[in-house]
Participant: 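What follows is a single structure, and I will ask about it in a moment.
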Amino acid sequence: MRVNRTITSVFACSLAIAGLAGCSSSGSSGGGSSSGGGSSAQALTIGMPDGPMTDNNNPYISSSASNQLGYRFMIYEPVAMVNAAQPAQAPAPWLATAWTWTNNYHSLTLTARTGVTFSDGTPMTAADIAYSFSIMKQYKALNTYALDISNVTTSGNTVTVSFGSSQFVHQDDVLSTLVIPKHIWSAMSNPTTDTVANPVGTGPYTLTSFTPQTTTLTVRKSYWQALPKVPKLLYTSYTANDAQTTALSSGATQWSYVFIPNVQSVFEAKDPAHFKIWFPPTLSADGLWINTTVAPFNNANLRKAMSMVIDRGDIFTQGESGYFKPEITSVTGLPTPAGNSFITSQFQGQTASINVAGAKQLLTSNGFTYSGSTLKDPSGKPVTITLTDPAGWSDYQTDLSIISDNLASIGITATIDKADQNAWTTAFAAGNFQAAMHWSNGGATPYDMYENIMDGADLEPVGNSNATGNYGRFNDPAATAALNAYANAASDTARTAALNTLEQIMVNEVPMIPTSAGNVGAEYSTRNYTGWPSDANPYAGIQPTTEGALEVVLHLTPTK
């Protein structure tokens with residue numbers, strides 16, 4: 001069902017890096033040149049619609065400029081490079097040349113790459129990799145994925161990280177750990193709040209200037225791989241989507257991740273030869289989250305009937321402008337093709353299709369009735385629902401309009417609430433809603449998505465706004481048990497059995513109605529640089545704020 005992700009560096013090299021120049025102890029990535037950024041090469045301009053930035057380059061702080069604009073990945077590098085565009089693909093060796101999981105993913109032994117220096121000239125060693133894990137154990141705020149790290153040791157050039165629980169479902173999270181210089185970070189008074197004015201990493205770029213609008217990174221004189229051919233990276237933060245879209249359409253920005261309504265006419269048509277979009281799906285889902293504690297939506301037959309009439313094609317072509325969030329068609333809710341290898345044989349090829357007659361039959365066979373065209377629940381009350389999302393989330397608002405029309409086909413009256421974003425965020429986390437469009441977590445396996453949707457361990461009482469998952473308050477002990485079984489399984493056979501259960505629950509109980517896939521996409525221009533990833537060569541996710549952005553820059557070549 002799935003690719004065995006128990007890997008050594010040899011296995012990783014053979015599987016992972018079709019788009020890379022090679023896999024050797026001296027470096028692996030393609031697209032570089034020994035000289036680095038030829039004299040005629042222009043700066044690569046990257047834009048995001050996030051408003052003015054503050055001078056904060058701490059890679060662990062989500063609100064820092066380096067995190068929001070994504071340039072932290074040009075400065076700090078990971079232990080291994082995960083390809084978010086190909087979730088089932090093994091990570092590529094990066095600052096670790098090899099790694100081995102043992103004891104059912106309770107222990108990871110890494111081999112540190114030699115010949116790597118930080119941008120201040122200090123050699124990177126196994127001690128730096130070890131410290132990068134230890135600091136997450138020491139400071140909970142830095143442990144973004146809540147990795148259950150119990151011990152970290154070094155022996156020569158190897159690092160062994162021990163965990164208190166199986167990390168099978170967190171392999172990519174572990175291997176995505178950014179390596180920081182111990183000699184700098186261990187001297188900080190508080191790494192969780194320090195703004196890191198002069199970031200030092202092993203990456204090919206260094207920060208050379210900062211303003212609230214634009215940050216400049218310049219290529220280093222030396223790097224452990226061939227130097228990138230892009231001499232300078234200019235990150236600009238625009239005030240809003242419209243301003244960012246204008247910059248893309250004029251060519252001022254060459255690379256961005258922003259929702260553009262009518263992208264074909266607004267962006268691509270401005271320069272069809274060079275202005276491109278690529279939005280590969282990931283293993284996460286956007287969809288209609290339903291509050292399963294609210295009657296009659298606590299009835300699985302009603303949720304299933306609702307799913308049977310929602311037009312995912314319209315949501316893709318109209319709400320998501322035909323590109324932004326790829327359509328989910330599998331009845332399991334898993335995005336394809338990213339999730340193909342995880343779909344059980346029972347559900348292979350089964351796609352969600354509109355079936356109004358079937359939905360009505362399901363409802364009337366389970367206690368619901370009709371008065372004219374109005375659906376009434378088993379207690380005799382008309383079925384109504386409020387669909388709510390922030391007013392400014394235009395794609396979601398269009399999605400809700402489509403869903404409202406779809407639900408009318410089975411007699412449900414839906415009201416759309418355009419909420420204040422802050423109030424909505426609190427209400428959604430607190431379970432004070434009936435239904436809303438929202439996204440799920442994603443990862444290398446379906447675990448992250450399903451865990452986020454239906455894990456009983458995430459259950460919070462309605463009214464408690466601390467929920468970080470299971471926003472619909474779905475409560476099925478069988479789902480929680482299957483998630484635990486999947487996370488702690490010692491064999492693929494056991495994982496397959498657990499996943500079968502989870503997919504059955506997703507199809508039959510519909511804890512959430514997936515409609516669209518998350519993505520690692522972007523809009524970009526090929527006027528000045530070629531070598532961008534594509535369907536034909538999906539060597540990395542292309543979103544400029546994610547880890548794969550470094551791989552993208554390393555593959556780019558000037559057009560003149």
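Values below: every heavy atom of this structure, side chains too, minus hydrogens, waters and symmetry copies.
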Participant: Below 4.5 Å, heavy atoms only, C-beta onward: do I505 and F474 meet side chain to side chain?
Facilitator: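 The answer is yes; the side chains approach within 4.5 Å.
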
Participant: Using distance alone, with no hydrogens and no angle criterion, decide if D50 and Q68 have a side-chain donor and acceptor under 3.5 Å apart.
Facilitator: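 No, Q68 and D50 have no side-chain donor paired with an acceptor closer than 3.5 Å.
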
Participant: Does N452 use its side chain to pair, donor to acceptor, with the backbone of N441 at less than 3.5 Å?
Facilitator: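 Confirmed, N452 side chain pairs with N441 backbone.
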
Participant: Locate the shortest heavy-atom distance separating A85 from G541; write the atom from each residue and the value.
Facilitator: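 What the structure gives for the nearest pair is CB-N, 3.8 Å.
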
Participant: Assess whether atom CZ of F347 is packed by more than 12 heavy atoms of other residues, nucleotides or ligands within 6.0 Å.
Facilitator: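 Yes - once you tally the heavy atoms of other residues, nucleotides and ligands closer than 6.0 Å, there are more than 12.
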
Participant: Does any N or O in the side chain of N262 come within less than 3.5 Å of the main-chain N or O of V266, such that one atom is a donor and the other an acceptor?
Facilitator: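 Side chain of N262 to backbone of V266: no pair is present.
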
Participant: Drop me the distance from N500's CG to I343's CD1, to the nearest 0.5 angstrom.
Facilitator: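 If we round to the nearest 0.5 Å, N500:CG and I343:CD1 are 12.0 Å apart.
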
Participant: Does the pair T388 and T386 meet the rule for a side chain to side chain donor-acceptor pair (under 3.5 Å), with working shown?
Facilitator: CA-CA 6 Å; T388 179; T386 299; over 6 Å; no

Participant: Relative to each other, are the rings of Y486 and Y447 parallel, tilted or perpendicular (30° and 60° limits)?
Facilitator: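 The rings of Y486 and Y447 lie parallel, inter-plane angle below 30°.
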
Participant: Taking it one step at a time, do T415 and T384 satisfy side chain to side chain contact (heavy atoms under 4.5 Å, CB included)?
Facilitator: CA-CA 8 Å; T415 302; T384 63; over 6 Å; no

Participant: Are the side chains of Y471 and E460 in contact, using a 4.5 Å heavy-atom criterion?
Facilitator: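 Side chain of E460 against side chain of Y471, heavy atoms only: no contact under 4.5 Å found.
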
Participant: Between Y529 and L44, is any pair of side-chain heavy atoms under 4.5 Å apart?
Facilitator: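 Yes, close enough: below the 4.5 Å cut-off.
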
Participant: Output, in order, the C-alpha distance, side-chain angles, deciding distance and verdict of side chain to side chain contact (heavy atoms under 4.5 Å, CB included) for E451 and D458.
Facilitator: CA-CA 9 Å; E451 189 278 336; D458 293 338; 2.7 Å; yes

Participant: Side chains of N56 and T54 only: does a donor on one sit below 3.5 Å from an acceptor on the other?
Facilitator: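 No, because no side-chain N or O of N56 sits under 3.5 Å from a partner of the opposite role on T54.
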
Participant: Is a side-chain N or O of S256 found less than 3.5 angstrom from the main chain of G47, in a donor-acceptor match?
Facilitator: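 It does hold such a pair.
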
Participant: Would you say D476 and M454 make side-chain contact, with heavy atoms under 4.5 Å?
Facilitator: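 The answer is no, as the side chains (C-beta and beyond) never meet within the 4.5 Å cut-off.
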
Participant: Grab the two heavy atoms, one from P446 and one from L334, that are nearest each other, plus how far apart they are.
Facilitator: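 Nearest heavy atoms, P446 then L334: CB-CD2, 3.7 Å.
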
Participant: Classify the side-chain pair E320/S516 by whether it contains a donor and acceptor separated by less than 3.5 Å.
Facilitator: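 Result is no, nothing qualifies.
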
Participant: State which residues pass salt bridge (charged side-chain N to carboxylate O under 4.0 Å, His left out) with D242; sequence neighbours excluded, sorted by chain then number.
Facilitator: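 Checked D242 against salt bridge (charged side-chain N to carboxylate O under 4.0 Å, His left out); zero matches.
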
Participant: Taking the ring of Y145 and the ring of H170, is the distance between their centroids below 6.0 Å?
Facilitator: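 No, too far apart.
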
Participant: So, R495 side chain and A489 main chain: donor-acceptor pair closer than 3.5 Å or not?
Facilitator: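 Confirmed, R495 side chain pairs with A489 backbone.
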
Participant: Mind checking whether M81 and F73 have side chains closer than 4.5 Å, heavy atoms only?
Facilitator: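 No, their side chains stay 4.5 Å or more apart.
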
Participant: Donor-acceptor check, side chain of E547 to backbone of V82, threshold 3.5 angstrom: yes or no?
Facilitator: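 Here the side-chain-to-backbone pair exists.
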
Participant: So, S176 side chain and D173 main chain: donor-acceptor pair closer than 3.5 Å or not?
Facilitator: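 Such a contact is absent between S176 side chain and D173 backbone.
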
Participant: Is E523 reaching over with its side chain to a backbone N or O of V258, donor-acceptor style, under 3.5 angstrom?
Facilitator: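 It does hold such a pair.
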
Participant: How close do Y76 and P59 get, heavy atom to heavy atom, and via which atoms?
Facilitator: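 Minimum heavy-atom separation between Y76 and P59: CE1-CG, 3.6 Å.
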
Participant: I would like to know whether S284 and W439 meet side chain to side chain contact (heavy atoms under 4.5 Å, CB included); could you show each step before the answer?
Facilitator: CA-CA 7 Å; S284 66; W439 56 89; over 6 Å; no

Participant: What residues form a side chain to side chain contact (heavy atoms under 4.5 Å, CB included) with V356, not counting sequence neighbours?
Facilitator: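 Testing V356 for side chain to side chain contact (heavy atoms under 4.5 Å, CB included), a comparison that skips the adjacent residues, returns V309, I354, K360, S409, I410.
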
Participant: Can you see which heavy atom on L175 is nearest to which on P91, and at what distance?
Facilitator: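 So the two residues come closest at CD1-CG, 3.9 Å.
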
Participant: Is the distance between the ring centroids of F324 and Y257 under 6.0 Å?
Facilitator: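 Centroid distance F324-Y257: below 6.0 Å, so yes.
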
Participant: Got a second to check how far L302's CG is from L375's CG, nearest 0.5 Å?
Facilitator: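 Taking CG in L302 and CG in L375, the distance rounds to 7.0 Å.
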
Participant: Test N241 against I260 for side chain to side chain contact (heavy atoms under 4.5 Å, CB included), laying out the working first.
Facilitator: CA-CA 8 Å; N241 286 5; I260 306 176; over 6 Å; no

Participant: Among W532, Y71, Y524, whose ring-ring contact (aromatic ring centres under 6.0 Å, His included) with W255 holds?
Facilitator: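 Only match with W255 under ring-ring contact (aromatic ring centres under 6.0 Å, His included): W532.
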
Participant: How many angstroms lie between atom OG1 of T245 and atom CZ of F259, to the nearest 0.5 angstrom?
Facilitator: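 Interatomic distance, T245 OG1 to F259 CZ, rounded to 0.5 Å: 9.5 Å.
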
Participant: Less than 4.5 Å apart, side chain to side chain, heavy atoms only: is that true for T292 and P511?
Facilitator: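 SC-SC contact between T292 and P511 ruled out.
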
Participant: Within this structure, what is the CG-CG distance for the pair D172 and D448, rounded to the nearest 0.5 Å?
Facilitator: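 Going from CG on D172 over to CG on D448, the span is 9.0 Å.
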
Participant: For D286, enumerate each residue passing the salt bridge (charged side-chain N to carboxylate O under 4.0 Å, His left out) test, keeping only those at least two apart in sequence or located in another chain.
Facilitator: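 For D286, the residues satisfying salt bridge (charged side-chain N to carboxylate O under 4.0 Å, His left out) (neighbours in sequence not counted) are K325.
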
Participant: Just say parallel, tilted or perpendicular for the rings of F428 and H438, cut-offs at 30° and 60°.
Facilitator: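 Answer is parallel, since the angle falls under 30°.
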
Participant: Please round to the nearest 0.5 Å and tell me the distance separating atom CH2 of W424 and atom CH2 of W393.
Facilitator: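 Between atom CH2 of W424 and atom CH2 of W393 there are 4.0 Å.
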
Participant: With the side chain counted from C-beta on, respond yes when F368 and D377 share a heavy-atom pair under 4.5 Å apart, and no when they do not.
Facilitator: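 They are in contact (side-chain heavy atoms under 4.5 Å apart), so the answer is yes.
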
Participant: Could you label the plane-to-plane angle of the H555 and Y539 rings as parallel, tilted or perpendicular, counting under 30° as parallel and over 60° as perpendicular?
Facilitator: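 Rings of H555 and Y539: parallel, as their planes differ by under 30°.
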
Participant: Is a donor on one side and an acceptor on the other found under 3.5 Å between the side chain of R473 and the backbone of L459?
Facilitator: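 Looks like no, no N/O pair under 3.5 Å.
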
Participant: Going by heavy atoms in the side chains, are P335 and T282 under 4.5 Å from each other?
Facilitator: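 No, every pair of side-chain atoms sits at 4.5 Å or beyond.
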
Participant: So which atom in R303 and which in E509 form the shortest heavy-atom distance, rounded to 0.1 Å?
Facilitator: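 Closest approach of R303 to E509: NH2-O, 2.8 Å.
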
Participant: Within the distance-only criterion (no hydrogens, no angle test), does the side chain of T211 pair as donor or acceptor with the backbone N or O of T214 below 3.5 angstrom?
Facilitator: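 A pair under 3.5 Å: yes.
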
Participant: When rounded to the nearest 0.5 angstrom, what distance separates CD1 in I513 from CD1 in I310?
Facilitator: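 The CD1 atom of I513 sits 4.0 Å away from the CD1 atom of I310.
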
Participant: On the 0 to 90° scale, with breaks at 30° and 60°, tag the F275-F267 ring pair as parallel, tilted or perpendicular.
Facilitator: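 The arrangement is parallel - the two ring planes meet at less than 30°.
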
Participant: So does N484 get a backbone contact from the side chain of N488, meaning a donor-acceptor N/O pair under 3.5 Å?
Facilitator: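 The answer is yes, because a donor-acceptor pair under 3.5 Å joins these two groups.
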
Participant: Regarding N466 and N464, do their side chains bring together a donor and an acceptor under 3.5 Å, going by distance alone?
Facilitator: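 Their side chains do contain a donor-acceptor pair, which is all the 3.5 Å distance test asks for.
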
Participant: At their closest point, which heavy atom of I328 faces which heavy atom of A517, and how far apart are they?
Facilitator: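 Nearest heavy atoms, I328 then A517: CG1-N, 3.6 Å.
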
